[in-house]
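A quick write-up on the structure given underneath.
One-based numbering along the sequence shown. One-based numbering, in listed order, for ligands and for the atoms of each. All of these numbers come straight from a predicted model, not from anything done at the bench.
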Amino acid sequence: MKKGKILIVDDNEDILFTLKMLLRPLAEQVTTLDDPREMLPLLSRVRHDVILLDMNFRRDAVSGREGFAWLEEILKLDPQAVVIFITAYSDTEKAVQAIKQGATDFIPKPWQNDKLLATVSAALQLSFSRHEVKVLKEQKKTLEQRAEALATPAEPTHIIGESAAMQALLQTVRKCSDTDANLLLLGENGTGKDLLARYIYEQSPRRTRPYIDIDLGSIPESLFESELFGYEKGAFTDARRPKPGRMEAATGGTLFLNEIGNLSLPMQAKLLSVIEQRRASRLGSTAAYPVDVRLICATNTDLYTAIDRREFRQDLLYRINTIELRLPPLRERGDDLFLLADFFVQRYARKYHKEIKGIGREARRQLQQYRWPGNVRELEHAVERAVILTSGPMLAARDFHLQSRLTHEPLDEKERYNLERIERESIDEVLRLCNGNITLAAEMLGITRTSLYRRIEKYKL
Ligand SMILES: Nc1ncnc2c1ncn2[C@@H]1O[C@H](COP(=O)(O)OP(=O)(O)OP(=O)(O)O)[C@@H](O)[C@H]1O
């Protein structure tokens with residue numbers, strides 16, 4: 001049976017000692033206090049599953065008033081608290097009043113051991129299920145927030161990729177789609193690791209359970225632990241209320257840890273032990289919750305080099321990389337570049353209410369020439385910008401502003417001194433500087449407007 005944390009508050013040391021011994025079999029931890037004033041500071045730091053509270057503290061006090069006042073304070077702190085009253089002056093009236101005020105049960109002194117154990121055991125069960133409901137509610141809230149953040153009802157993830165490299169990758173994905181194997185996605189920035197993780201989740205048997213992601217590259221290292229594992233109230237100064245971590249929120253589902261290479265060594269050790277023991281605990285709590293998640297991790301760093309440099313644990317790598325999937329950079333995907341570009345043109349033409357037929361020939365040539373260090377994300381942004389800037393039905397080369405980026409790339413000798421290239425780039429640059437004003441541009445280039453028009457036509461600018 002699951003054990004819990006029990007707190008006993010009574011001014012009689014003998015009672016504290018006897019109860020502590022008696023309740024040991026039910027408890028993960030029994031704490032005793034003979035002064036009720038110490039109770040609230042303790043409870044605000046550590047959650048207890050059941051609190052046994054004396055009703056009268058001052059000698060000869062029989063009204064129970066003190067006990068009721070403390071009960072009120074406890075419930076103010078945690079409305080879900082499970083409190084059992086202990087009193088030597090048992091009478092039905094007080095029992096009823098105590099329950100009405102929010103106590104869970106009532107133990108008369110002297111007690112019968114078996115009855116006391118049964119009462120505390122039932123109280124523990126109640127506490128566990130209240131806590132579980134609370135966690136589920138928080139989990140639901142996290143999921144609702146995610147759904148809201150996504151704004152539109154989630155459409156199935158679509159991965160564009162007809163190239164041999166992408167088809168090989170998707171074939172491996174299909175092979176492991178029925179499994180729970182931990183996956184490691186490798187690839188440069190913007191190659192679609194995030195998208196692939198979601199796609200794999202949608203194909204997996206866990207698709208009806210939560211999908212929770214966490215980008216370890218965008219949250220400060222000091223917050224990793226609390227984000228991942230959650231915390232109890234009072235675990236640190238700002239922890240005013242308990243919060244489940246993403247690991248807990250992902251129970252039964254899939255957890256996507258992006259930029260796993262950013263995890264500090266102490267956090268790597270913690271993650272490793274959670275994966276091995278399949279249990280985790282919130283900060284400020286010793287109670288562990290079971291971990292049932294499918295892990296998908298991603299990184300754009302070379303973890304093997306990080307292992308050599310002792311920056312990444314090899315044992316953790318072997319736990320997370322049951323299957324490694326490598327996303328090829330965009331420059332190795334051949335004509336996928338155009339499939340993706342056309343897809344983004346449609347998406348952004350719709351978004352910005354523009355009638356755009358497609359991408360012009362020279363623009364296509366430049367898109368193909370460029371190396372796309374930022375991969376699909378860079379292409380998407382370039383297309384979005386072009387859709388916004390263009391004034392015609394076809395996206396032209398100058399709408400993409402690729403010339404200046406292309407010139408920053410090393411060119412071979414032949415290309416570097418090619419007059420046509422230099423002319424095309426100069427015209428493109430000047431047109432941009434003059435915001436497309438032909439008269440001004442012609443003046444700057446030292447040619448007539450007619451010659452400029454001819455060259456614009458020639459270079460499909
Ligand atoms: N094959 C693809 N088909 C359609 N869209 C794609 C594809 N690959 C990437 N994208 C789009 O490109 C953008 C960048 O992809 P994503 O965020 O998944 O890359 P990433 O590898 O996770 O990047 P980072 O390394 O920066 O985390 C997203 O908008 C994504 O939808």
Could you find the nearest protein heavy atom to [atom] and give me its residue, atom name and distance?
{"atom": "atom 19 (O) of ligand 1", "result": "Gly192 N, 3.1 Å"}
{"atom": "atom 14 (C) of ligand 1", "result": "Arg377 CB, 3.8 Å"}
{"atom": "atom 1 (N) of ligand 1", "result": "Ile160 O, 2.9 Å"}

| query | With distance as the sole test, does Thr172 use its side chain to make a donor-acceptor pair with the main-chain N or O of Ala168 at under 3.5 Å? | reply |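 A pair under 3.5 Å: yes.
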
Hydrogens and angles aside, do [X] and [Y] bring a side-chain donor and acceptor to less than 3.5 Å of each other?
{"X": "Glu225", "Y": "Tyr231", "result": "no"}
{"X": "Thr390", "Y": "Asp399", "result": "yes"}
{"X": "Gln171", "Y": "Gln167", "result": "no"}

| task | Hey, could you give me each pair passing ring pair (Phe, Tyr, Trp, His ring centres under 6.0 Å) that has a residue in residues 185-210? Not counting sequence neighbours. | result | Tyr201-Tyr211

Which atoms of ligand 1 have any heavy atom of [X] under 4.0 Å away?
{"X": "Glu380", "answer": "11 (C), 12 (O), 13 (C), 28 (C), 29 (O)"}
{"X": "Leu340", "answer": "2 (C), 3 (N), 4 (C)"}
{"X": "Lys193", "answer": "18 (O), 19 (O), 20 (P), 21 (O), 22 (O), 24 (P), 25 (O)"}
{"X": "Ile159", "answer": "1 (N), 3 (N)"}

| message | Once rounded to the nearest 0.5 Å, what's the spacing between atom CZ of Phe312 and atom CG of Leu317? | response | 6.0 Å

| task | For Gly190 and ligand 1, answer yes if some heavy atom of the residue is under 4.0 Å from a ligand atom, otherwise no. | result |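 Yes, Gly190 has a heavy atom closer than 4.0 Å to ligand 1.
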
| query | Hey, looking at atom 2 (C) of ligand 1, which of Leu195, Leu170, Asp194 has the closest heavy atom? | reply |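 Considering heavy atoms of Leu195, Leu170, Asp194, the nearest to atom 2 (C) of ligand 1 sits in Leu195.
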
| field | Selection from Thr191, Leu330, Val376 by shortest heavy-atom distance to atom 10 (N) of ligand 1 | value |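 Nearest heavy atom to atom 10 (N) of ligand 1 lies in Val376.
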
| Between Asn258 and ligand 1, which part of the residue brings a heavy atom under 4.0 Å of the ligand: side chain, backbone, both or neither? | side chain

| task | Could you list the residues that satisfy side-chain contact (heavy atoms from CB on, under 4.5 Å) with Thr251, not counting sequence neighbours? | result | Gln139

| message | Name the residue from Arg377, Arg331, Lys193 that meets the salt bridge (charged side-chain N to carboxylate O under 4.0 Å, His left out) definition with Glu188. | response |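 The residue from Arg377, Arg331, Lys193 that satisfies salt bridge (charged side-chain N to carboxylate O under 4.0 Å, His left out) with Glu188 turns out to be Arg331.
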
